[in-house]
Amino acid sequence: MDLAPPRGTLDLLPPEGGRMRALYDRAAELARRYGYRYVETPGFEHTELFARTSGETSDVVTKEMYTFTDRGGRSLTLRPEGTAPVMRAYLAHRAELPSPFKAYYLTRMYRYGRPQAGRYREHRQFGVEIFGVADPAADVEVIVLGEEFLRSLGLRRYEIQINSIGDGACRPAYREELLAYLRASVGRLRDEHRTGFEANPLRVLDCKDGACRAVAAAAPRITERLCGPCREHFEGVLTGLREHGLEPIVTPTLVRGLDYYTRTAFEFVSLVLSEAQATLFGGGRYDGLAEALGGPAVPGVGFGMGLERVLLACRDEGIEPPSEPGLDAFVVGLGEAGRRAAAGLLRELRAGGLSADAAYEERPLKAQLRMADRAGAAYAAIVGEREAAEGRVTLRRLADGTQTEVARADVVNWLRGER
RNA sequence: GUGGCCGUAGCUCAAUCCGGUUAGAGCACCAGGUUGUGGUCCUGGGGGUUGGGGGUUCAAGUCCCCUCGGUCACCCCA
């Protein structure tokens, strides 16, 4: 039996698991502070949901989905991204939900592809969505929220790339103009784009190939072809971001792989990670999504953030990521009376809201203190025969070895004061 | 999915180029030094089918093929 996890997946054991847990906790706290509420959707959906919303020609749909047929003959797909499922669930329950609807999620996504660092077949995302607000203030809020998350971790080496890809009023004309330009330049494109650009011309703009870049640089720019409302919206987003002290870099070549995006598209790109894994989070506006699902017109904006990448960026910026806090106390019992008293103390500490643990079996003091140390406990609460007889507890601060003796009845309050 | 590089102890690596006895080291882990003091120190100990399979050879960690995994660049994204 091969004990390694399947390709492209991760076992998150201590201390890594604690770091991911801490990221979840921080993200949830932040999202709630901005008025978002937690949602969960199924781990798999009808394949049609992703096929319709991501675009039949997108890479996600054509080669990256984990699609299977269940025993009832249904085609199902493991969730490759978060927005379409949340929108589906929202549309299904819209009558009971407030508007605007602000949701966040912390969950795993599945995409089949060749794995490498920061690119996994199963990865974790923190995402937020706002449904029902067309105003640029919503775009600004999700970007500011995501930026605050990165900054609160101590990350600094990233840039904000932003673009507007227009909407139904201006993108079709731009698309035709771009197509005409690309047809005229076809000889200078790399092979795979010579035939592929007709289906998705915007993608050529994003190509990293030197020749394609030259073609893209001289291509007509969407930012100069926006219709009035789109231009106004884009300006509103840029102004709003600057008012929050952010300095987005307008990047006309930034496009999105998913068809339902309109207007705003953005990516936070790490400057310390290699290019293939540098996008910490990306998102944008998707005013066409609800209708693509057969619902009413519901504007929306949001982002998805790759949490493994955030951890990688912390490492490469030399930042200690947050972790699960260690124990408040490790209870050490010695001798029969001491162990009995220690068991009672352990119950009391836990009931009092403190994190506490103890050895299960009788062990020498030395071994118990080592366990306390390994558990990352702030204090060892030692109850030997003498302490048990006197109704007292010796509290040893593990960081520096200083000890205090406290009456048994005061231990919980005393330790609370030390937190 | 395409191309390149790399897989030796839990981790980081040595021995691989140019095949040759029982595959070593540091860290980590366990125990003792110290039956009421961890983390430091000293001593000792456990731990490897050299990712897996096949081939060449008197002999394979070392050479060849396949496969699995990691990684880098693409594609694309988180």
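Naming convention: chains lettered A, B, ... in sequence-line order (proteins, then strands); numbering from 1 in each chain.
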Next on the checklist: Work out how far the P atom of B:C72 is from that of B:A60, and round it to whole angstrom.
Outcome noted: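 Pairwise P distance, B:C72 against B:A60, rounds to 35 Å.
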
Sub-3.5 Å pairs of nitrogen or oxygen atoms, protein against nucleotides 71-73 of chain B:
from	atom 1	to	atom 2	distance (Å)
B:C72	OP2	A:A117	N	2.9
B:A73	OP2	A:Q116	NE2	3.2
B:A73	N7	A:Q116	OE1	3.4

Item to check | Canonical and wobble pairing (Watson-Crick, G-U, under 3.5 Å) of RNA chain B, dot-bracket with | | outcome: (((((((..((((......[...)))).(((((.......))))).....(((((..]....))))))))))))....

Checklist entry - Would A:R225 count as a cation-pi partner of A:Y174, with NZ or CZ less than 6.0 Å from the six-membered ring centre and within 45° of the ring normal? => result no

Which residues, if any, of [range] bring a heavy atom under 4.0 Å of RNA chain B?
range: residues 138-146 of chain A; result: none
range: residues 15-49 of chain A; result: none
range: residues 378-391 of chain A; result: A:I382, A:G384, A:E385, A:R386, A:E387

Next on the checklist: Strictly by salt bridge (charged side-chain N to carboxylate O under 4.0 Å, His left out), give each pair with a member in residues 268-281 of chain A just once, sequence neighbours left out.
Outcome noted: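 Sorted result for residues 268-281 of chain A: A:R213-A:E275.
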
Item to check | Pairs satisfying salt bridge (charged side-chain N to carboxylate O under 4.0 Å, His left out), at least one member in residues 301-322 of chain A, at least two apart | outcome: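 Every salt bridge (charged side-chain N to carboxylate O under 4.0 Å, His left out) pair that includes a residue of residues 301-322 of chain A, provided the two are not neighbours, is A:R124-A:E308.
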
Next on the checklist: Please enumerate all residues that pass side-chain contact (heavy atoms from CB on, under 4.5 Å) together with A:A341, with sequence neighbours excluded.
Outcome noted: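 A:A341: side-chain contact (heavy atoms from CB on, under 4.5 Å) contacts with A:V383, A:A388, A:R408.
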
Is there any protein nitrogen or oxygen under 3.5 Å from a nitrogen or oxygen in nucleotides 43-53 of chain B, and what are the pairs?
none

Next on the checklist: Between B:G38 and A:D373, counting only base atoms on the nucleotide and side-chain atoms on the residue, is there a donor-acceptor pair under 3.5 Å?
Outcome noted: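 It does, because a donor-acceptor pair links the side chain of A:D373 to the base of B:G38 below 3.5 Å.
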
Checklist entry - Can you list every pair that meets ring-ring contact (aromatic ring centres under 6.0 Å, His included) and has a residue in residues 306-354 of chain A, with sequence neighbours left out? => result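 Every candidate ring-ring contact (aromatic ring centres under 6.0 Å, His included) pair involving residues 306-354 of chain A fails, so no pair, neighbours aside, qualifies.
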
Distances for protein N or O near nucleotides 30-33 of chain B N or O, under 3.5 Å:
from	atom 1	to	atom 2	distance (Å)
B:C30	OP1	A:R374	NH1	2.9
B:C30	OP2	A:R374	NH1	3.2
B:C30	OP2	A:R374	NH2	2.9
B:A31	OP1	A:R363	NH2	3.4
B:A31	OP2	A:R370	NH2	2.9

Polar atom pairs between nucleotides 7-9 of chain B and protein, under 3.5 Å, N or O only, would you list them?
none

